[in-house]
Amino acid sequence: VEVDDSLSGIMVGRALVADPWSFAMADDLLYKDDKGQPQLCANRRELLEAYGRHADYEEHHNDPALIRRSLVAACAHLFAGEANSKKFRMELDEIAGRPERLEREATAKVWSSSNVSTPSTTPRLASAFSAPSKQPLASVGWDDMQAMDNARPAWDEKEPPLSELILAAAQRNFGDDLLNLNRRESYDKIIWEQEKEARRRRDNPVLSIGNGKSNKNNNNNSEKVSGGVVDGWYTNGLS
């Protein structure tokens, strides 16, 4: 925007969703005067702790089996580009599905002890009575319905809070050094990595042309990248 005054703004929505922490320094860079600015989290540990309090509040007032996946999705890309980020997302996916799985297991136990067949499609208790029964649904007693209504609290009380599960997953995969890296240090790290990549591509024109990984071709001492050949340079499908 500063270079081209014909632009009134830049859309960063998708980039922000894909790598939110890379924008952690946005307010500091855009608004030099911090008067009136909200207090920002210093690092990703503080951010996860703050978000965890919100997530615990939401799960306390709502059914975790219905809302946990959306709560967990909000922090899935907080460590985008870091080592073990994929493993972290896989752990979050398991955490997100725990309420549904545990409720399904608890519901199945209640149904197996009753004289009504187990629902075959959805774990939701309210939908369970639409499943085919071993006996008429009208004969399902009040005690059976109460037992199914109480199935979730039985396992929910034994589960750690969502905030603890998310923070523990981050701790296992990234450690204290990365969790405690503040916003300025994270920004400097991003800039350093971008400059390093730019130097690598400047020193190796093949990578700039082919946008791929190179390896030495011992036959002609040139750099080889998957694709065709143009004037002795191996390119990524460039013709």
*asked:* If you apply the rule side chain to side chain contact (heavy atoms under 4.5 Å, CB included), what do you find for V72 with L162, and how did you get there?
replied: CA-CA 9 Å; V72 170; L162 177 56; 4.0 Å; yes
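- The side chain to side chain donor-acceptor pair (under 3.5 Å) analysis of residues 14-23, with sequence neighbours excluded, yields the pairs W21-S186.
- Using a 4.0 Å cut-off between a side-chain N of Lys or Arg and a carboxylate O of Asp or Glu, E197 and R200 qualify as a salt bridge.
- Partners of E58 according to the side-chain hydrogen bond (donor to acceptor under 3.5 Å, both in side chains) rule, which considers only residues two or more places apart in sequence or in another chain, are N62.
- With sequence neighbours excluded, the residues satisfying side chain to side chain contact (heavy atoms under 4.5 Å, CB included) with R172 are E91, A168, A169.
- The heavy-atom pair separating S85 from G81 by the smallest distance is OG-N, 4.2 Å.
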*Verdict with supporting geometry, L71 and I166, side chain to side chain contact (heavy atoms under 4.5 Å, CB included)*: CA-CA 11 Å; L71 290 174; I166 293 176; over 6 Å; no
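- Ion pairing of R68 with D63 is absent here, as no side-chain N (NZ or NE/NH1/NH2) approaches a carboxylate O to less than 4.0 Å.
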*Start with the C-alpha distance between E59 and E159, add both sets of side-chain angles, then the distance that settles side chain to side chain contact (heavy atoms under 4.5 Å, CB included), and finish with yes or no.*
CA-CA 12 Å; E59 287 207 338; E159 276 287 286; over 6 Å; no
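- The distance from the NE2 atom of H77 to the CG atom of L16 is 11.5 Å, given to the nearest 0.5 Å.
- With ring centers used as reference points, H54 lies under 6.0 Å from Y51.
- Salt bridge R104/E100: absent, no basic N to carboxylate O contact under 4.0 Å.
- Using bins of under 30°, 30° to 60° and over 60° for the plane-to-plane angle, the ring pair F79/F174 lands in the parallel bin.
- Salt bridge annotation for R183-E46: absent, with no cationic side-chain nitrogen under 4.0 angstrom from a carboxylate oxygen.
- Follow the hydrophobic side-chain contacts under 4.5 Å out from L47 and you never reach I190; the two are in separate clusters.
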*List the steps and the verdict of side chain to side chain contact (heavy atoms under 4.5 Å, CB included) for D56 and R53.*
CA-CA 5 Å; D56 290 345; R53 291 191 291 272; 5.8 Å; no
